[in-house]
Protein chains: 2
Amino acid sequence: MRNREILLKAATEIFSAGGPQASLEAVAKKAGVGIGTLYRHFPSREELFEAVYRHEVDQLCDLALTLGHETDALAALRQWLQANVRLVATKKGMMQTLQLAVYGNPQLKASSTARMVEALDMLLKRAIAEGSLRNDISAEDLLRTLIGIYYAQPEENWQAKALKLLDIFLDGLRAKA
Amino acid sequence: MRNREILLKAATEIFSAGGPQASLEAVAKKAGVGIGTLYRHFPSREELFEAVYRHEVDQLCDLALTLGHETDALAALRQWLQANVRLVATKKGMMQTLQLAVYGNPQLKASSTARMVEALDMLLKRAIAEGSLRNDISAEDLLRTLIGIYYAQPEENWQAKALKLLDIFLDGLRAKA
DNA sequence: CAATATACGGAGGCACCCTCCGTTTAGAAA
DNA sequence: TTTCTAAACGGAGGGTGCCTCCGTATATTG
């Protein structure tokens, strides 16, 4: 099953650079694999999109798990949110791809959202428990805010602005001393 | 220049049914026009997407203008918001198409948003002036809420749920008697 | 060391993309 | 009305990518 992961990685790179309309043959080539192999693992373009999507979500959830062992819970939370922004910022064509995947499959979206909320909830609860965050915000609200920040997406220098917005928002969330 | 409009209409129908990856030859065929004619009017797929996008925004802005003459300003506002929901609901593949257009061209998004805000602002101000709406919400906020409702997009029976959310929200916005 | 099952590669038929150029149409000039 | 010309049109065709299918290679089992 090694090829599956190689293909996934190649697809991520190709779609990041070229958007969702990039050639699947380019993906196979980048993976050093025949086109037939690609289609055996991912019988349709949609399934490849969805697999890429799931993989991105997996990585974020894994990261949350790792960060869950940090001693400074607030810093961990900030790092995770920043990782979200960076993921979007570094992969230009990827957002179109993910967007497409999500529109084509509402239950994929539902399940991914649930997993993201779960991951975020854990980090959030830890920060609240350690006393560095006010306790009147839910993971759903925070995620929605994050999406709002993505969605705003001003044309230039987006990453810096998003990171700044994030910091401002997190400052607002701090428990009063 | 008649053909341009015929093509735009055909494209709207084809993309609504088949999503953005639908064949441009199908669009030309539906319009009863040669493929060459399509490409003369819209030199690239992106430009066709963008034209469709602009056209949808135009229609909403025109509608707002018409509704601006209604005597019941609150009802007019509600109708306009409902029209937004219906537009999304009746055109399955269209959201993917518009999404794609907007991701590929940030300034198209910026200008369309501005126009939508302007249209909405007019309706909103009228409702506030007539005294049926509280005055502490901006058109931007309302539009963002609308987008939030779109984005939530639960898999089934989305339209009914969205319309209901809208009503609840509008009730919350009413000026107290 | 077979025999069988599983995974692979890529040729090929098909659809679609977009360009290019010969044809048609509309409107001005004679 | 007829002729001329410029703008608009249509669609053939070369190229690319999609996806299937089947012959080949590698792993597994007896």
Side-chain angles (χ1 to χ4, degrees), chain A residues 1-55 91-94 96-105 108, chain B residues 1-55 91-94 96-105 108:
Chain A
M1 279 307 105
R2 188 71 212 295
N3 275 341
R4 197 192 147 86
E5 279 143 53
I6 296 174
L7 276 164
L8 220 43
K9 184 161 176 250
T12 303
E13 288 171 26
I14 294 283
F15 290 146
S16 293
Q21 76 284 11
S23 146
L24 295 195
E25 273 160 6
V27 173
K29 196 170 179 185
K30 175 131 214 164
V33 133
I35 187 67
T37 299
L38 186 155
Y39 274 93
R40 191 155 351 82
H41 288 293
F42 308 99
S44 74
R45 176 175 282 261
E46 264 69 41
E47 281 180 68
L48 182 54
F49 286 170
E50 293 180 16
V52 169
Y53 190 101
R54 253 184 274 270
H55 191 238
K91 298 181 176 180
K92 192 142 187 352
M94 185 53 79
Q96 290 187 33
T97 309
L98 300 185
Q99 202 69 231
L100 222 47
V102 129
Y103 265 102
N105 186 343
L108 169 64
Chain B
M1 278 308 103
R2 189 71 212 295
N3 276 340
R4 197 193 147 86
E5 279 143 52
I6 296 175
L7 276 164
L8 219 44
K9 184 163 175 244
T12 303
E13 287 171 27
I14 294 282
F15 290 146
S16 292
Q21 76 284 9
S23 147
L24 295 196
E25 272 160 6
V27 173
K29 196 170 178 184
K30 176 133 214 160
V33 131
I35 186 68
T37 299
L38 187 155
Y39 274 95
R40 192 156 347 84
H41 288 293
F42 308 99
S44 76
R45 177 174 281 261
E46 265 69 40
E47 281 179 67
L48 183 53
F49 286 170
E50 292 181 15
V52 170
Y53 190 102
R54 254 185 274 267
H55 191 239
K91 299 182 176 180
K92 192 143 186 353
M94 186 53 79
Q96 290 186 33
T97 308
L98 300 186
Q99 202 67 232
L100 223 47
V102 128
Y103 264 103
N105 185 343
L108 169 66

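Residue numbers begin at 1 in each chain, while the letters A, B, ... track the order of the sequences. Keep in mind that what you see is a predicted model, and the values were worked out from it rather than measured.
OP1 or OP2 of dC9(D) sits under 4.0 Å from a side-chain N or O of His41(B). Residue Thr37(B) places none of its side-chain N or O atoms closer than 4.0 Å to OP1 or OP2 of dA8(D). Side-chain N/O atoms of Asn3(A) include one lying less than 4.0 angstrom from OP1 or OP2 on dC8(C).
Applying the side chain to side chain contact (heavy atoms under 4.5 Å, CB included) rule to Ala51(A) yields the partners Arg4(A), Leu8(A), Phe42(A); only residues at least two apart in sequence or on another chain are considered. Tyr39(A) meets the side chain to side chain contact (heavy atoms under 4.5 Å, CB included) test with Leu24(A), Ile35(A); sequence neighbours excluded.
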Might you list the N or O atoms of the protein lying below 3.5 Å from N or O atoms in nucleotides 26-29 of chain D, with each pair's distance?
none

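The local environment of NZ in Lys91(B) is crowded, with over 12 non-hydrogen atoms from other residues, nucleotides or ligands closer than 6.0 Å.
The line from OH of Tyr53(A) to CE of Met94(A) is 11.5 Å long, rounded to the nearest 0.5 Å. Summarising the geometry, atom CG belonging to Leu108(A) is positioned 9.5 Å from atom CG belonging to Leu98(A); distances are rounded to the nearest 0.5 Å.
The salt bridge (Lys or Arg N to Asp or Glu O under 4.0 Å) analysis of residues 27-54 of chain B, with sequence neighbours excluded, yields the pairs Glu13(B)-Lys30(B), Glu50(B)-Arg54(B).
Note: NZ (Lys29(A)) to P (dT16(D)) measures 12 Å, nearest angstrom. Straight-line distance from the CZ atom of Arg2(B) to the P atom of dC9(D): 12 Å, rounded to whole Å. For Leu38(B) and dA8(D), the CG to C1' distance is 14 Å, given to the nearest whole Å. Atom C1' of nucleotide dC18(D) and atom CG of Leu48(A) are separated by 13 Å, given to the nearest angstrom.
When all heavy atoms are compared, the tightest approach of Asn3(A) to Val33(A) is OD1-CG2, 3.7 Å.
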Could you write nucleotides 15-24 of chain C as a row of B, S and -, 5' to 3', where a protein heavy atom under 4.0 Å of any base atom gives B, of only sugar-phosphate atoms gives S, and otherwise -?
-SBBB-----

Which atom pairs, one a donor and one an acceptor, fall under 3.5 Å between side chains of residues 14-22 of chain A and the rest of the protein, sequence neighbours left out?
unit_1, atom_1, unit_2, atom_2, d
Ser16(A), OG, Thr12(A), O, 2.6
Gln21(A), NE2, Gly18(A), O, 3.4

